[in-house]
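Report on the following structure.
In what follows, chains are A, B, ... by sequence order, proteins preceding strands, each numbered from 1. Because the structure is predicted, anything quoted here is derived from the model rather than measured.
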Amino acid sequence: MARQVELLDAPFNPGSYVGPFTNAHPGLGGVCTFVGEVRSDDDVEALELSHYAPLTLAGMEALADEALGRFDLMGILIVHRVGEMQPGEPIVLVSACARHRRAAIQAVDFAMDHLKSDAWFWKRERRGGVWTWIEPREEDHADLARWRETPEKV
Amino acid sequence: MARQVELLDAPFNPGSYVGPFTNAHPGLGGVCTFVGEVRSDDDVEALELSHYAPLTLAGMEALADEALGRFDLMGILIVHRVGEMQPGEPIVLVSACARHRRAAIQAVDFAMDHLKSDAWFWKRERRGGVWTWIEPREEDHADLARWRETPEKV
Amino acid sequence: MSVKLVFLGKLADLAGLPEMTVEAPLDWVSLVEGLEAGLAEAIEGDKVRLALNGTVLADKRTLDAGEGDEVALLPPVSGG
Amino acid sequence: MSVKLVFLGKLADLAGLPEMTVEAPLDWVSLVEGLEAGLAEAIEGDKVRLALNGTVLADKRTLDAGEGDEVALLPPVSGG
(Lines give C-alpha, C1' and ligand atoms only; values in the text may rest on other atoms or scores of the structure.)
Protein backbone atom coordinates (compact mmCIF):
# COMPACT_ATOMS: atom_id res chain seq x y z
CA MET A 1 0.00 0.00 0.00
CA ALA A 2 1.87 3.00 -1.30
CA ARG A 3 1.49 6.63 -0.36
CA GLN A 4 3.09 9.39 -2.41
CA VAL A 5 2.55 13.02 -1.37
CA GLU A 6 4.35 16.00 -2.91
CA LEU A 7 4.24 19.78 -2.64
CA LEU A 8 5.70 21.49 -5.71
CA ASP A 9 6.67 25.11 -6.33
CA ALA A 10 7.05 24.75 -10.11
CA PRO A 11 4.74 23.59 -12.95
CA PHE A 12 4.26 19.84 -13.29
CA ASN A 13 2.97 17.40 -15.88
CA PRO A 14 0.21 15.18 -14.42
CA GLY A 15 0.91 12.38 -16.91
CA SER A 16 4.47 12.05 -15.70
CA TYR A 17 3.11 11.21 -12.23
CA VAL A 18 0.13 9.03 -13.15
CA GLY A 19 2.01 6.70 -15.50
CA PRO A 20 4.66 5.57 -12.98
CA PHE A 21 2.07 5.51 -10.15
CA THR A 22 -0.16 3.15 -12.17
CA ASN A 23 2.76 0.97 -13.25
CA ALA A 24 3.89 0.67 -9.64
CA HIS A 25 0.67 -1.24 -8.81
CA PRO A 26 0.47 -4.34 -10.98
CA GLY A 27 -2.73 -6.29 -10.47
CA LEU A 28 -4.89 -3.22 -9.90
CA GLY A 29 -8.49 -3.20 -11.09
CA GLY A 30 -8.64 0.50 -11.74
CA VAL A 31 -7.11 3.88 -11.18
CA CYS A 32 -9.05 7.10 -10.74
CA THR A 33 -7.35 10.44 -11.23
CA PHE A 34 -8.46 14.01 -10.78
CA VAL A 35 -6.45 16.93 -12.10
CA GLY A 36 -7.49 20.46 -11.15
CA GLU A 37 -6.29 23.39 -13.20
CA VAL A 38 -6.36 27.14 -12.69
CA ARG A 39 -9.69 28.04 -14.28
CA SER A 40 -9.58 30.89 -16.78
CA ASP A 41 -12.45 32.74 -15.11
CA ASP A 42 -13.30 36.08 -16.61
CA ASP A 43 -10.31 38.28 -16.11
CA VAL A 44 -8.19 36.25 -13.69
CA GLU A 45 -4.55 36.85 -14.57
CA ALA A 46 -2.88 34.70 -11.93
CA LEU A 47 -3.51 32.63 -8.84
CA GLU A 48 -1.16 32.37 -5.88
CA LEU A 49 -1.25 29.62 -3.29
CA SER A 50 0.73 30.09 -0.13
CA HIS A 51 1.37 27.39 2.44
CA TYR A 52 3.07 26.93 5.80
CA ALA A 53 5.65 24.20 5.45
CA PRO A 54 5.37 22.65 8.95
CA LEU A 55 1.60 22.15 8.56
CA THR A 56 0.75 21.83 4.88
CA LEU A 57 2.73 18.78 3.81
CA ALA A 58 2.07 16.98 7.11
CA GLY A 59 -1.65 17.68 6.65
CA MET A 60 -1.61 16.23 3.13
CA GLU A 61 0.18 13.12 4.39
CA ALA A 62 -2.41 12.70 7.14
CA LEU A 63 -5.18 13.06 4.54
CA ALA A 64 -3.58 10.38 2.36
CA ASP A 65 -3.38 8.07 5.38
CA GLU A 66 -7.02 8.75 6.21
CA ALA A 67 -8.04 7.81 2.64
CA LEU A 68 -5.94 4.63 2.83
CA GLY A 69 -7.67 3.71 6.08
CA ARG A 70 -11.15 4.52 4.87
CA PHE A 71 -11.16 2.98 1.39
CA ASP A 72 -9.82 -0.33 0.15
CA LEU A 73 -6.93 1.07 -1.88
CA MET A 74 -3.66 -0.23 -3.26
CA GLY A 75 -2.12 3.23 -3.31
CA ILE A 76 -2.75 6.96 -3.31
CA LEU A 77 -0.90 9.87 -4.90
CA ILE A 78 -1.43 13.52 -3.96
CA VAL A 79 0.52 16.29 -5.68
CA HIS A 80 -0.16 19.98 -5.01
CA ARG A 81 1.29 23.16 -6.45
CA VAL A 82 2.13 26.24 -4.41
CA GLY A 83 3.33 29.63 -5.61
CA GLU A 84 2.06 31.75 -8.48
CA MET A 85 0.24 30.01 -11.33
CA GLN A 86 -1.28 31.04 -14.65
CA PRO A 87 -4.72 29.96 -15.95
CA GLY A 88 -4.49 26.48 -17.47
CA GLU A 89 -1.70 25.27 -15.16
CA PRO A 90 -2.37 22.17 -13.04
CA ILE A 91 -2.82 22.95 -9.33
CA VAL A 92 -3.64 19.55 -7.91
CA LEU A 93 -3.46 15.89 -8.84
CA VAL A 94 -5.04 13.07 -6.84
CA SER A 95 -4.82 9.52 -8.05
CA ALA A 96 -5.98 6.36 -6.29
CA CYS A 97 -5.69 2.77 -7.41
CA ALA A 98 -7.68 -0.15 -6.08
CA ARG A 99 -8.89 -3.60 -6.94
CA HIS A 100 -12.45 -2.31 -7.35
CA ARG A 101 -13.43 0.89 -9.08
CA ARG A 102 -15.66 2.53 -6.50
CA ALA A 103 -12.99 2.58 -3.80
CA ALA A 104 -10.68 4.43 -6.20
CA ILE A 105 -13.35 6.91 -7.30
CA GLN A 106 -14.57 7.55 -3.75
CA ALA A 107 -11.04 8.06 -2.44
CA VAL A 108 -10.39 10.75 -5.07
CA ASP A 109 -13.71 12.45 -4.27
CA PHE A 110 -12.88 12.33 -0.54
CA ALA A 111 -9.34 13.66 -0.93
CA MET A 112 -10.40 16.48 -3.26
CA ASP A 113 -13.18 17.63 -0.92
CA HIS A 114 -10.68 17.83 1.93
CA LEU A 115 -7.98 19.54 -0.13
CA LYS A 116 -10.48 22.17 -1.33
CA SER A 117 -11.61 23.40 2.06
CA ASP A 118 -9.72 21.66 4.83
CA ALA A 119 -6.05 21.89 3.86
CA TRP A 120 -3.44 24.46 4.89
CA PHE A 121 -3.46 26.64 1.79
CA TRP A 122 -4.21 30.33 1.37
CA LYS A 123 -5.24 31.44 -2.06
CA ARG A 124 -5.46 34.79 -3.77
CA GLU A 125 -6.12 35.78 -7.36
CA ARG A 126 -5.06 38.74 -9.43
CA ARG A 127 -7.56 40.63 -11.61
CA GLY A 128 -6.65 43.91 -13.24
CA GLY A 129 -3.38 43.91 -11.34
CA VAL A 130 -5.12 43.67 -7.93
CA TRP A 131 -4.71 40.66 -5.63
CA THR A 132 -7.76 39.41 -3.67
CA TRP A 133 -7.82 36.66 -1.05
CA ILE A 134 -10.24 33.76 -1.72
CA GLU A 135 -12.44 31.88 0.78
CA PRO A 136 -13.86 28.39 0.18
CA ARG A 137 -17.27 28.33 -1.55
CA GLU A 138 -20.37 27.29 0.42
CA GLU A 139 -20.53 24.15 -1.77
CA ASP A 140 -17.04 23.24 -0.66
CA HIS A 141 -18.13 23.14 2.97
CA ALA A 142 -21.23 21.13 2.05
CA ASP A 143 -19.15 18.67 0.02
CA LEU A 144 -16.83 18.17 2.97
CA ALA A 145 -19.71 17.60 5.40
CA ARG A 146 -20.86 14.57 3.38
CA TRP A 147 -17.92 12.53 4.65
CA ARG A 148 -18.77 13.07 8.31
CA GLU A 149 -22.07 11.25 7.89
CA THR A 150 -21.03 8.04 6.14
CA PRO A 151 -17.99 6.28 7.57
CA GLU A 152 -18.47 3.26 5.30
CA LYS A 153 -15.59 1.19 3.99
CA VAL A 154 -15.97 0.81 0.22
CA MET B 1 -19.58 20.37 -25.19
CA ALA B 2 -17.67 17.49 -26.74
CA ARG B 3 -18.50 13.80 -26.78
CA GLN B 4 -15.96 11.21 -27.83
CA VAL B 5 -16.93 7.52 -27.74
CA GLU B 6 -14.81 4.69 -29.12
CA LEU B 7 -14.92 0.90 -29.22
CA LEU B 8 -11.49 -0.64 -29.83
CA ASP B 9 -10.43 -4.18 -30.69
CA ALA B 10 -6.72 -3.66 -29.96
CA PRO B 11 -4.72 -2.50 -26.90
CA PHE B 12 -4.70 1.23 -26.21
CA ASN B 13 -2.69 3.70 -24.17
CA PRO B 14 -4.97 5.74 -21.84
CA GLY B 15 -2.53 8.66 -21.72
CA SER B 16 -2.71 9.11 -25.47
CA TYR B 17 -6.45 9.76 -25.12
CA VAL B 18 -6.51 11.83 -21.91
CA GLY B 19 -3.84 14.33 -22.97
CA PRO B 20 -5.56 15.49 -26.18
CA PHE B 21 -9.00 15.33 -24.50
CA THR B 22 -7.80 17.65 -21.70
CA ASN B 23 -6.06 20.00 -24.11
CA ALA B 24 -9.23 20.22 -26.22
CA HIS B 25 -11.02 21.94 -23.31
CA PRO B 26 -9.14 25.10 -22.39
CA GLY B 27 -10.63 26.91 -19.41
CA LEU B 28 -11.64 23.71 -17.59
CA GLY B 29 -11.53 23.56 -13.82
CA GLY B 30 -10.76 19.88 -13.62
CA VAL B 31 -10.70 16.56 -15.36
CA CYS B 32 -11.51 13.24 -13.74
CA THR B 33 -10.40 10.01 -15.36
CA PHE B 34 -10.98 6.37 -14.54
CA VAL B 35 -9.00 3.59 -16.20
CA GLY B 36 -10.05 -0.01 -15.60
CA GLU B 37 -7.61 -2.82 -16.28
CA VAL B 38 -7.93 -6.58 -16.47
CA ARG B 39 -7.31 -7.57 -12.86
CA SER B 40 -4.78 -10.33 -12.33
CA ASP B 41 -7.07 -12.38 -10.12
CA ASP B 42 -5.73 -15.71 -8.98
CA ASP B 43 -5.23 -17.77 -12.08
CA VAL B 44 -7.04 -15.72 -14.73
CA GLU B 45 -5.14 -16.13 -18.00
CA ALA B 46 -7.30 -14.01 -20.28
CA LEU B 47 -10.55 -12.07 -20.49
CA GLU B 48 -12.71 -11.81 -23.58
CA LEU B 49 -15.35 -9.16 -24.11
CA SER B 50 -17.82 -9.66 -26.92
CA HIS B 51 -20.23 -7.03 -28.18
CA TYR B 52 -23.00 -6.64 -30.74
CA ALA B 53 -22.08 -3.79 -33.01
CA PRO B 54 -25.58 -2.41 -33.70
CA LEU B 55 -26.29 -2.03 -29.96
CA THR B 56 -23.01 -1.60 -28.11
CA LEU B 57 -21.58 1.58 -29.59
CA ALA B 58 -25.02 3.23 -29.84
CA GLY B 59 -25.59 2.38 -26.16
CA MET B 60 -22.27 3.95 -25.15
CA GLU B 61 -23.11 7.09 -27.10
CA ALA B 62 -26.50 7.30 -25.41
CA LEU B 63 -24.77 6.90 -22.02
CA ALA B 64 -22.36 9.74 -22.85
CA ASP B 65 -25.32 11.94 -23.82
CA GLU B 66 -27.10 11.07 -20.59
CA ALA B 67 -24.02 12.08 -18.56
CA LEU B 68 -23.75 15.35 -20.50
CA GLY B 69 -27.41 16.07 -19.75
CA ARG B 70 -27.18 15.13 -16.10
CA PHE B 71 -23.93 16.79 -15.03
CA ASP B 72 -22.52 20.21 -15.85
CA LEU B 73 -19.69 19.01 -18.09
CA MET B 74 -17.51 20.53 -20.77
CA GLY B 75 -16.84 17.15 -22.36
CA ILE B 76 -16.86 13.40 -21.89
CA LEU B 77 -14.67 10.64 -23.31
CA ILE B 78 -15.55 6.94 -23.21
CA VAL B 79 -13.21 4.32 -24.68
CA HIS B 80 -13.88 0.59 -24.34
CA ARG B 81 -11.94 -2.47 -25.44
CA VAL B 82 -13.50 -5.59 -26.93
CA GLY B 83 -11.85 -8.88 -27.86
CA GLU B 84 -9.37 -10.96 -25.89
CA MET B 85 -7.23 -9.18 -23.28
CA GLN B 86 -4.43 -10.15 -20.91
CA PRO B 87 -4.20 -9.20 -17.20
CA GLY B 88 -2.86 -5.64 -16.88
CA GLU B 89 -4.32 -4.40 -20.17
CA PRO B 90 -6.70 -1.41 -20.03
CA ILE B 91 -10.34 -2.35 -20.69
CA VAL B 92 -12.10 0.95 -20.18
CA LEU B 93 -11.34 4.64 -19.95
CA VAL B 94 -13.84 7.31 -18.92
CA SER B 95 -12.77 10.92 -18.65
CA ALA B 96 -14.94 13.95 -17.92
CA CYS B 97 -13.96 17.60 -17.75
CA ALA B 98 -15.94 20.35 -16.13
CA ARG B 99 -15.64 23.79 -14.61
CA HIS B 100 -16.18 22.34 -11.12
CA ARG B 101 -14.65 19.16 -9.80
CA ARG B 102 -17.68 17.32 -8.46
CA ALA B 103 -19.51 17.30 -11.80
CA ALA B 104 -16.46 15.66 -13.39
CA ILE B 105 -16.04 13.09 -10.60
CA GLN B 106 -19.76 12.27 -10.47
CA ALA B 107 -19.99 11.87 -14.25
CA VAL B 108 -17.15 9.33 -14.21
CA ASP B 109 -18.78 7.43 -11.32
CA PHE B 110 -22.13 7.46 -13.18
CA ALA B 111 -20.69 6.31 -16.50
CA MET B 112 -18.61 3.52 -14.92
CA ASP B 113 -21.59 2.16 -12.96
CA HIS B 114 -23.61 1.97 -16.17
CA LEU B 115 -20.79 0.47 -18.23
CA LYS B 116 -20.23 -2.24 -15.59
CA SER B 117 -23.74 -3.65 -15.51
CA ASP B 118 -25.95 -1.91 -18.06
CA ALA B 119 -23.96 -1.94 -21.30
CA TRP B 120 -24.08 -4.42 -24.17
CA PHE B 121 -21.02 -6.48 -23.34
CA TRP B 122 -20.65 -10.17 -22.63
CA LYS B 123 -17.57 -11.20 -20.71
CA ARG B 124 -15.82 -14.51 -20.14
CA GLU B 125 -12.55 -15.40 -18.50
CA ARG B 126 -10.11 -18.22 -19.04
CA ARG B 127 -8.64 -20.14 -16.08
CA GLY B 128 -6.65 -23.33 -16.59
CA GLY B 129 -7.55 -23.23 -20.28
CA VAL B 130 -11.31 -23.21 -19.56
CA TRP B 131 -13.56 -20.26 -20.51
CA THR B 132 -16.36 -19.22 -18.10
CA TRP B 133 -19.02 -16.56 -18.69
CA ILE B 134 -19.22 -13.78 -16.09
CA GLU B 135 -22.32 -12.11 -14.65
CA PRO B 136 -22.32 -8.66 -13.00
CA ARG B 137 -21.64 -8.68 -9.24
CA GLU B 138 -24.44 -7.84 -6.80
CA GLU B 139 -22.56 -4.65 -5.89
CA ASP B 140 -22.66 -3.60 -9.54
CA HIS B 141 -26.46 -3.69 -9.53
CA ALA B 142 -26.57 -1.80 -6.23
CA ASP B 143 -24.13 0.81 -7.56
CA LEU B 144 -26.33 1.32 -10.61
CA ALA B 145 -29.50 1.67 -8.53
CA ARG B 146 -28.04 4.71 -6.75
CA TRP B 147 -28.52 6.83 -9.87
CA ARG B 148 -32.24 6.13 -10.12
CA GLU B 149 -32.86 7.83 -6.78
CA THR B 150 -31.05 11.14 -7.15
CA PRO B 151 -31.63 12.98 -10.44
CA GLU B 152 -29.76 16.05 -9.19
CA LYS B 153 -27.78 18.31 -11.48
CA VAL B 154 -24.31 18.78 -10.03
CA MET C 1 -32.89 -19.04 -45.82
CA SER C 2 -33.01 -15.32 -45.38
CA VAL C 3 -33.31 -14.17 -41.77
CA LYS C 4 -29.92 -13.92 -40.02
CA LEU C 5 -29.73 -15.04 -36.38
CA VAL C 6 -26.87 -13.66 -34.25
CA PHE C 7 -26.06 -15.46 -30.97
CA LEU C 8 -24.32 -13.46 -28.24
CA GLY C 9 -22.45 -14.48 -25.12
CA LYS C 10 -23.21 -17.93 -23.77
CA LEU C 11 -25.92 -18.47 -26.41
CA ALA C 12 -23.16 -18.60 -29.02
CA ASP C 13 -21.59 -21.43 -27.01
CA LEU C 14 -24.92 -23.27 -26.81
CA ALA C 15 -25.57 -22.76 -30.53
CA GLY C 16 -22.04 -23.88 -31.32
CA LEU C 17 -21.70 -20.98 -33.76
CA PRO C 18 -22.09 -17.18 -33.70
CA GLU C 19 -24.57 -16.84 -36.58
CA MET C 20 -26.96 -18.84 -38.70
CA THR C 21 -29.63 -18.12 -41.29
CA VAL C 22 -33.21 -19.38 -41.20
CA GLU C 23 -36.19 -19.05 -43.53
CA ALA C 24 -38.29 -15.90 -43.64
CA PRO C 25 -40.78 -14.98 -42.36
CA LEU C 26 -39.85 -15.66 -38.76
CA ASP C 27 -42.00 -15.10 -35.68
CA TRP C 28 -41.39 -16.09 -32.04
CA VAL C 29 -43.03 -19.52 -32.35
CA SER C 30 -41.17 -20.47 -35.52
CA LEU C 31 -37.88 -19.21 -34.00
CA VAL C 32 -38.25 -21.41 -30.90
CA GLU C 33 -39.44 -24.43 -32.90
CA GLY C 34 -36.54 -24.08 -35.33
CA LEU C 35 -33.82 -24.25 -32.66
CA GLU C 36 -32.59 -27.41 -30.98
CA ALA C 37 -34.09 -28.09 -27.56
CA GLY C 38 -31.36 -26.76 -25.22
CA LEU C 39 -31.04 -23.51 -27.13
CA ALA C 40 -34.82 -23.08 -27.44
CA GLU C 41 -35.20 -23.50 -23.69
CA ALA C 42 -32.42 -20.98 -23.04
CA ILE C 43 -33.95 -18.24 -25.17
CA GLU C 44 -37.36 -18.73 -23.56
CA GLY C 45 -35.83 -17.57 -20.24
CA ASP C 46 -37.05 -14.20 -18.99
CA LYS C 47 -33.61 -12.63 -19.13
CA VAL C 48 -32.95 -13.33 -22.82
CA ARG C 49 -33.99 -10.49 -25.11
CA LEU C 50 -34.26 -10.15 -28.88
CA ALA C 51 -33.16 -7.30 -31.12
CA LEU C 52 -34.56 -6.91 -34.64
CA ASN C 53 -32.18 -4.96 -36.90
CA GLY C 54 -30.46 -3.35 -33.91
CA THR C 55 -33.59 -2.44 -31.95
CA VAL C 56 -34.34 -4.37 -28.77
CA LEU C 57 -37.91 -5.69 -28.68
CA ALA C 58 -39.93 -4.73 -25.61
CA ASP C 59 -41.68 -8.13 -25.89
CA LYS C 60 -39.76 -10.79 -27.76
CA ARG C 61 -42.99 -12.69 -28.47
CA THR C 62 -43.96 -9.94 -30.93
CA LEU C 63 -41.03 -10.85 -33.23
CA ASP C 64 -41.94 -10.44 -36.90
CA ALA C 65 -38.83 -10.74 -39.09
CA GLY C 66 -38.82 -10.82 -42.89
CA GLU C 67 -36.43 -11.24 -45.80
CA GLY C 68 -33.00 -9.68 -45.03
CA ASP C 69 -33.70 -8.94 -41.38
CA GLU C 70 -31.19 -9.62 -38.57
CA VAL C 71 -32.36 -11.05 -35.24
CA ALA C 72 -29.91 -10.93 -32.32
CA LEU C 73 -30.39 -13.26 -29.34
CA LEU C 74 -29.13 -11.39 -26.26
CA PRO C 75 -28.44 -13.11 -22.93
CA PRO C 76 -28.01 -10.94 -19.80
CA VAL C 77 -25.10 -8.56 -20.22
CA SER C 78 -22.06 -8.94 -18.01
CA GLY C 79 -20.88 -5.36 -18.40
CA GLY C 80 -17.50 -4.00 -19.37
CA MET D 1 14.27 39.17 20.02
CA SER D 2 13.90 35.43 19.86
CA VAL D 3 10.39 34.19 19.08
CA LYS D 4 9.68 34.08 15.34
CA LEU D 5 6.20 35.11 14.17
CA VAL D 6 5.03 33.83 10.78
CA PHE D 7 2.04 35.55 9.15
CA LEU D 8 0.01 33.56 6.64
CA GLY D 9 -2.51 34.60 3.97
CA LYS D 10 -4.18 37.94 4.47
CA LEU D 11 -2.43 38.40 7.83
CA ALA D 12 0.84 38.76 5.93
CA ASP D 13 -0.77 41.61 3.95
CA LEU D 14 -1.98 43.25 7.18
CA ALA D 15 1.42 42.83 8.82
CA GLY D 16 3.13 44.16 5.72
CA LEU D 17 5.69 41.37 5.97
CA PRO D 18 5.70 37.56 6.18
CA GLU D 19 7.76 37.16 9.35
CA MET D 20 9.06 39.11 12.32
CA THR D 21 10.81 38.33 15.58
CA VAL D 22 9.67 39.39 19.04
CA GLU D 23 11.06 38.95 22.52
CA ALA D 24 10.71 35.70 24.44
CA PRO D 25 8.82 34.62 26.43
CA LEU D 26 5.58 35.24 24.56
CA ASP D 27 2.06 34.48 25.71
CA TRP D 28 -1.30 35.40 24.13
CA VAL D 29 -1.61 38.72 25.93
CA SER D 30 1.91 39.88 25.09
CA LEU D 31 1.43 38.75 21.47
CA VAL D 32 -1.75 40.82 21.03
CA GLU D 33 -0.28 43.83 22.86
CA GLY D 34 2.86 43.71 20.74
CA LEU D 35 1.06 43.94 17.39
CA GLU D 36 -0.32 47.10 15.84
CA ALA D 37 -4.06 47.62 16.34
CA GLY D 38 -5.46 46.36 13.00
CA LEU D 39 -3.42 43.20 13.12
CA ALA D 40 -4.16 42.59 16.81
CA GLU D 41 -7.88 42.87 16.13
CA ALA D 42 -7.61 40.47 13.18
CA ILE D 43 -5.87 37.74 15.16
CA GLU D 44 -8.41 38.00 17.97
CA GLY D 45 -11.11 36.83 15.52
CA ASP D 46 -12.51 33.34 16.21
CA LYS D 47 -11.31 31.97 12.90
CA VAL D 48 -7.64 32.81 13.33
CA ARG D 49 -5.60 30.02 14.88
CA LEU D 50 -2.06 29.75 16.17
CA ALA D 51 0.53 27.05 15.65
CA LEU D 52 3.51 26.66 17.96
CA ASN D 53 6.44 24.92 16.26
CA GLY D 54 4.13 23.30 13.69
CA THR D 55 1.41 22.18 16.10
CA VAL D 56 -1.93 23.97 16.00
CA LEU D 57 -3.08 25.10 19.43
CA ALA D 58 -6.55 23.94 20.47
CA ASP D 59 -6.93 27.23 22.36
CA LYS D 60 -4.69 30.05 21.16
CA ARG D 61 -5.03 31.80 24.53
CA THR D 62 -2.80 29.09 26.05
CA LEU D 63 0.18 30.22 23.94
CA ASP D 64 3.45 29.88 25.80
CA ALA D 65 6.42 30.40 23.48
CA GLY D 66 10.05 30.60 24.52
CA GLU D 67 13.49 31.21 23.09
CA GLY D 68 13.78 29.82 19.51
CA ASP D 69 10.13 28.95 19.12
CA GLU D 70 8.13 29.65 15.96
CA VAL D 71 4.55 30.95 16.21
CA ALA D 72 2.43 30.88 13.03
CA LEU D 73 -0.68 33.08 12.74
CA LEU D 74 -3.17 31.19 10.58
CA PRO D 75 -6.24 32.86 9.06
CA PRO D 76 -9.01 30.61 7.69
CA VAL D 77 -7.70 28.39 4.89
CA SER D 78 -9.00 28.84 1.39
CA GLY D 79 -8.13 25.36 0.20
CA GLY D 80 -6.19 24.21 -2.82
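Annotation: A:Asp9, atom CG; neighbour count of heavy atoms from other residues, nucleotides and ligands within 6.0 Å does not exceed 12.
In this view, A:Arg39 and A:Asp41, B:Arg99, B:His100 satisfy the side chain to side chain contact (heavy atoms under 4.5 Å, CB included) rule, not counting sequence neighbours.
Close approach to chain A, defined as a heavy atom under 4.5 Å from one of its heavy atoms, is seen in no residue of residues 76-98 of chain B. Interface residues of residues 112-123 of chain B toward chain A, defined by a heavy-atom distance below 4.5 Å and sorted by number: B:Met112, B:Asp113, B:Lys116.
None of B:Val35, B:Asp109, B:Asp140 except one satisfies the side chain to side chain contact (heavy atoms under 4.5 Å, CB included) rule with A:Arg101; the exception is B:Asp140.
Pairing each heavy atom of A:Gly30 with each of B:Phe34, the nearest pair is CA-CZ, 3.6 Å.
Counting heavy-atom pairs closer than 4.5 Å to chain B, the top-ranked of the candidates A:Val108, A:Val18, A:Val38, A:Val31 is A:Val31.
Put simply, SG on A:Cys32 and CD1 on B:Ile105 are 7.0 Å apart, with the number rounded to the nearest 0.5 Å.
Sorted by first then second residue, the ring pair (Phe, Tyr, Trp, His ring centres under 6.0 Å) pairs that include residues 37-66 of chain B, not counting sequence neighbours, number zero.
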